[in-house]
Amino acid sequence: MSNIYCSVNNCYYWKKDNVCDANQIMITSDDMGAFAPDSMDALDYNKFEETPVETCMETCCKSFVEKGSGDEKEDGIMRM
Ligand code: SF4
């Protein structure tokens with residue numbers, strides 16, 4: 001179990017009690033999240049530019065995959 005907690009319960013990696021069950025995730029700025037293709041995720045962590053923000057409201061989880069969407073196999077991230 002990771003020590004990442006998240007309340008986005010419609011994410012494929014979300015588990016009971018707000019646990020994120022992904023073995024790795026990528027957090028970035030909202031701007032980068034909107035710009036980078038869905039295929040760019042935690043496995044590409046060293047390809048992301050540095051993206052300073054000023055508040056937590058400007059960050060997002062790039063690893064979010066909607067539960068039941070069928071896209072979870074595409075991101076290469078594993079459940080723990
Ligand atoms: S992958 Fe991101 S959005 Fe999904 S449960 Fe983990 S932290 Fe939350």
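All of these numbers come straight from a predicted model, not from anything done at the bench. Start at 1 and go down the list; that is how both ligands and their atoms are numbered.
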| note | Quick look: C61 vs ligand 1, heavy-atom contacts under 4.0 Å, and the answer is side chain
| message | Checking D41 against K62 for the salt bridge (Lys or Arg N to Asp or Glu O under 4.0 Å) test, could you report, in this order, the C-alpha distance in whole Å, the side-chain angles of both residues, the deciding distance, and whether it holds? | response | CA-CA 6 Å; D41 209 316; K62 189 73 177 63; 5.8 Å; no
| request: Say whether D75 and Y13, considering side chains only, have a donor N or O and an acceptor N or O under 3.5 Å apart. | output: yes
| query | Side chains of N18 and S7: donor-acceptor distance under 3.5 Å anywhere? | reply | no
| said: Taking M26 as the starting point, is it possible to reach F35 by hopping between hydrophobic residues whose side chains are less than 4.5 Å apart? | reply: yes
| task | Flag C11 as yes if one of its N/O/S atoms falls below 2.8 Å of atom 8 (Fe) of ligand 1, otherwise no. | result | no
| task | Determine, stepwise, if the pair I25 / I4 fulfils side chain to side chain contact (heavy atoms under 4.5 Å, CB included). | result | CA-CA 9 Å; I25 64 171; I4 299 168; 3.9 Å; yes
| request: Could you find the nearest protein heavy atom to atom 8 (Fe) of ligand 1 and give me its residue, atom name and distance? | output: C6 SG, 2.2 Å
| query | What protein heavy atom sits nearest atom 6 (Fe) of ligand 1, and how far away is it? | reply | C20 SG, 2.4 Å
| task | Report, in ascending order of atom number, the atoms of ligand 1 lying under 4.0 Å from any heavy atom of W14. | result | 5 (S)
